[in-house]
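Below is one structure; the comments refer to it alone.
Atoms within a ligand are numbered from 1 in the order they appear, just like the ligands themselves. Just so you know, residue 1 is the first one in the sequence shown, and it goes up from there.
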Amino acid sequence: MGAEKKWVFTLFSAAFISLLIFISTIFGLSSSYYLPFSSHKPFASVVHRGPGHPPAFAYYISGGHGEVERMFRLLLAVYHPRNRYLLHVSTDGTDIERVRLVELVKSVPAVKAFGNVDVIGKPDPATYMGSTNVASILRAAAILLKLDGGWDWFITLSAVDYPLITQDDLSHVFSVVKRDLNFIDHTSDLGFKEGQRVKPIVVDPGLYLARRSQIFHATQKRPMPDAYKIFTGSPWVTLSRSFLEFCVFGWDNLPRTLLMYFTNAVLSQEFYFHSVICNSVEFRNTTVNNDLRFMVWDSPPKMEPHFLNTTDFQQMVESGAGFARQFKKDDKVLDMVDEKILQRGHNRVTPGAWCKGRSSWFSDPCSQWGDVNILRPSQYFKKFQESIGKLLDDWKSQSNQCR
Ligand SMILES: *[C@@H]1O[C@H](CO)[C@@H](O)[C@H](O)[C@H]1NC(C)=O
Ligand SMILES: *[C@@H]1O[C@H](CO)[C@@H](O)[C@H](O)[C@H]1NC(C)=O
């Protein structure tokens, strides 16, 4: 693991390291802060994962310029020592912002001890509507697969998302879920997307231009493919480890062929995993048709869902979703989620059964810990359990799968 860690954490090129040292000198920071903080594990308790233990999750949290504080808040809200986290500030953010994120992350005692959070030091572009987004997600999956052999599901989040349940709740409810199932909202009914997103040929300049620019459209359109069927759906996914190995290692050519095809499609992250999974005989039976997210859309839908606020709190809680989007920075409703559901203090991680410290305004209960492999669901897990139960019934009936 040691050598791989170094590679990942990263990810900082030699030039970037010099820059960091330069910055650290200016700001008087410790000159060792670009080292993997994962190497300090003085008080970590033993983490048990795999079959027979509660499931663990690998989170990919992406953001851009000006979103470091929100990414950090989201990390605290979804943090658990048994999980793994990878944070990515895309190329429109600055190296100063990345260093700031590393500093924030390092300030959390449990993160320092368990070493389960990494920040990508060599960022990728995130072109609006372009295919570079799929490349970043696949890269994140590849890093997480390489770094950590213990997680069961990969969850994509962005800086405007927030959880509606604790990690103890999530892991508890997912304990009864077969670990090869994939939660991915999908349909082959493309509607307006056929004409506006699949047939138009676009090129994402993020693939070859260093500066930020928008995708451009070719004048010709292409016919619909007949070598495979196109599926679309929510870009927010919860995917199994085995399916991501299939996509990343590529022993079957399908994931690679579709990746090449969708390079030239608008918003390929709304098509890629959906089409790969539904065209694969091996994996199509593992799809649960839901993204586990709470969103409120206009009709007809705009590019992004509504900003949620305190008026939506009750509906959010009752939705049985695991996560919600999207939120304005530090909206009051996030404080409500922290206080009522997560019971999370300012700048502290969401407490769980693993936290053993005293809880008061000056003492963080999660600055000390005991056995991290036990769970204590909150009073809010029931709705989520119910909705997962319904989804699993739905999955068994196969009535709503890859159609
Ligand atoms: C998937 O489900 C179909 C329909 O029940 C079944 O015929 C097929 O054998 C299943 N495939 C796999 C790989 O389990
Ligand atoms: C919450 O959002 C809704 C619709 O997006 C808006 O009508 C309402 O005024 C907002 N409420 C608050 C308290 O901001």
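- Ring pair Phe243/Phe273 is perpendicular by interplanar angle, where above 60° counts as perpendicular and below 30° as parallel.
- In this structure, Tyr79 has its ring center closer than 6.0 angstrom to the ring center of Tyr85.
- Using cut-offs of 30° and 60° for the angle between ring planes, the His48 and His53 rings count as parallel.
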With the criterion set at N/O pairs under 3.5 Å, what does the list of contacts between the protein and ligand 2 look like, atom names and distances included?
unit_1	atom_1	unit_2	atom_2	d
ligand 2	2 (O)	Asn309	ND2	2.4
ligand 2	11 (N)	Asn309	ND2	2.9
ligand 2	11 (N)	Thr311	OG1	3.2
ligand 2	14 (O)	Asn309	ND2	3.3

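- Polar contact check, Asn285 against ligand 1: a nitrogen or oxygen pair lies under 3.5 Å apart.
- Of all the atoms in ligand 1, the ones that sit under 4.0 Å from a non-hydrogen atom of Val281 are 13 (C).
- Between Phe57 and Trp151, the ring center distance fails the sub-6.0 Å criterion.
- With sequence neighbours left out, Asp330 forms a salt bridge (charged side-chain N to carboxylate O under 4.0 Å, His left out) with Arg73.
- For ligand 1, the atoms sitting less than 4.0 Å from at least one non-hydrogen atom of Gln398 are 2 (O), 4 (C), 5 (O), numbered in the order shown with element in parentheses.
- Cation-pi geometry between Lys193 and Phe271 is met: under 6.0 angstrom from the ring centre, within 45 degrees of the axis.
- A distance below 6.0 Å separates the ring centres of Tyr228 and Tyr261.
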